[in-house]
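Input: a single structure, listed below in structure tokens.
Because the structure is a prediction, the values reported are computed rather than measured. By convention in this document, chain letters (A, B, ...) are assigned in the order of the sequence lines, proteins followed by strands, and residues within each chain are numbered from 1.
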Number of protein chains: 2
Amino acid sequence: MHKEHTLTKNQQIIFDLIDKSPEPMKAYSILFNVQKKGIKAPLQVYRALDKLVEIGKIHKIESRNAFIACHNSSCRVAKATAFSICEICEKVTEISSAGLSKYLANFKDKDGMKYSKYNLEFFGLCKKCR
Amino acid sequence: MHKEHTLTKNQQIIFDLIDKSPEPMKAYSILFNVQKKGIKAPLQVYRALDKLVEIGKIHKIESRNAFIACHNSSCRVAKATAFSICEICEKVTEISSAGLSKYLANFKDKDGMKYSKYNLEFFGLCKKCR
DNA sequence: TTTGAATTGTTATAATATAACATTATGTAA
DNA sequence: TTACATAATGTTATATTATAACAATTCAAA
């Protein structure tokens, strides 16, 4: 059994907020929402975000500068992520496909190089927006 | 035969700079480098970048907020991109793998949804940095 | 129980990106 | 050619995202 990371106070506050959010949250929106809990400065937010990303509790959607909670229980570490993003409503969903992750984890470039980590973002229209 | 986009003056200046650069360039570094050519404001740079991305002449490396020229002649439009990024020296290489692009273009999520566009970033250590 | 690493708090500032509006150039159809 | 629409440009101001630097505190392991 893995040792679970015990979140610190700031990390827990910020994780809870992101985890409850139905959509990716941006850093300054997080800041605004946690100010009543005593987190007053951007750096406090960014530090917690960095740590949460590092331990795999949240992921960063790079093309949107936003963060979502990981619901893929096997993500102990952020090393292989895939998302679908609706270009109209901006809904983001984490993709968990054994086939996809296997394919990408084993992908070799033309020099035979394999990679330890990847991030994939698919774009299109979600069901509602088609 | 496709109609090639004729680049405007600003677009051409900025494309040439990125195209000559051995590494991804950031917007404000581009701005600094083209000021002697009369491009003085961030917006002039961002507008040219947006257009160049749109027509597939350059790609944005989302995780780095940086831009590289596309050397994949089939990229008329930016819709399917894959890169490898060295986590030490930050060298970025565009991956062109028929197998990979075919796999991703045909990927369906568990709802059977296909996507029109994707961006994939692999991370690891390049040959020099291993 | 001290010591070393991680976390926190705080102020200031750097880096990235867009809003709004006026003007100029370019292509296309009458 | 004219005139209309579209795209590109120039400019100022500002919004958004992220980090530097340093002091203080917490907390677990030796």
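C/dT8 atom P lies 12 Å from atom CD of A/Gln12, rounded to whole Å. Taking atom CZ of residue B/Phe32 and atom P of nucleotide C/dT16, one finds them 14 Å apart after rounding to whole Å. One interatomic measurement links the two molecules: NZ of B/Lys51 to C1' of D/dA7, which rounds to 8 Å at whole-angstrom precision. One atom, CD of A/Glu54, and another, P of C/dT7, lie 8 Å apart when rounded to the nearest Å. Separating the CG atom of B/Leu7 from the C1' atom of D/dT9 is a distance of 15 Å, rounded to the nearest angstrom. In this structure, the CE atom of B/Met25 is 15 Å from the C1' atom of C/dA15, given to the nearest Å. The CD-P distance, from A/Gln11 to D/dC27, rounds to 12 Å in whole Å. The nearest whole Å value for the distance from the CG atom in B/Leu49 to the C1' atom in C/dT18 is 14 Å.
Nearest heavy-atom pair across B/Cys70 and B/Gly56 is CB-O, 3.5 Å.
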Whether each nucleotide of nucleotides 10-22 of chain D has a protein heavy atom under 4.0 Å at its base (B), only at its sugar-phosphate (S) or at neither (-) is summarised, 5' to 3', as BBB----BBBBB-

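With sequence neighbours excluded, no residue forms a side chain to side chain donor-acceptor pair (under 3.5 Å) with B/Ser97. B/Ser21 meets the side-chain contact (heavy atoms from CB on, under 4.5 Å) test with B/Glu23, B/Met25; sequence neighbours excluded. For B/Glu62, there are no side chain to side chain donor-acceptor pair (under 3.5 Å) partners at least two apart in sequence or on another chain. Considering only residues two or more places apart in sequence or on other chains, B/Tyr28 meets the ring-ring contact (aromatic ring centres under 6.0 Å, His included) condition with none of them. Judged as a ring-ring contact (aromatic ring centres under 6.0 Å, His included), and not counting sequence neighbours, A/Phe15 has no contacts. Residues forming a side chain to side chain donor-acceptor pair (under 3.5 Å) with A/Ser63 (at least two apart in sequence, or on another chain): A/Glu121. Residues satisfying the side chain to side chain donor-acceptor pair (under 3.5 Å) test with B/Asp50, not counting sequence neighbours, are none.
Side-chain nitrogen and oxygen atoms of A/Thr8 include at least one within less than 4.0 Å of the OP1 or OP2 phosphate oxygen of C/dT8.
Between B/Phe122 and A/Tyr118, the ring-plane angle classifies as perpendicular under the 30° and 60° cut-offs.
Note that the two end axes of the helix from C/dT1-D/dA30 to C/dA30-D/dT1 enclose an angle of 40°, each drawn from 5 base pairs, rounded to 10 degrees.
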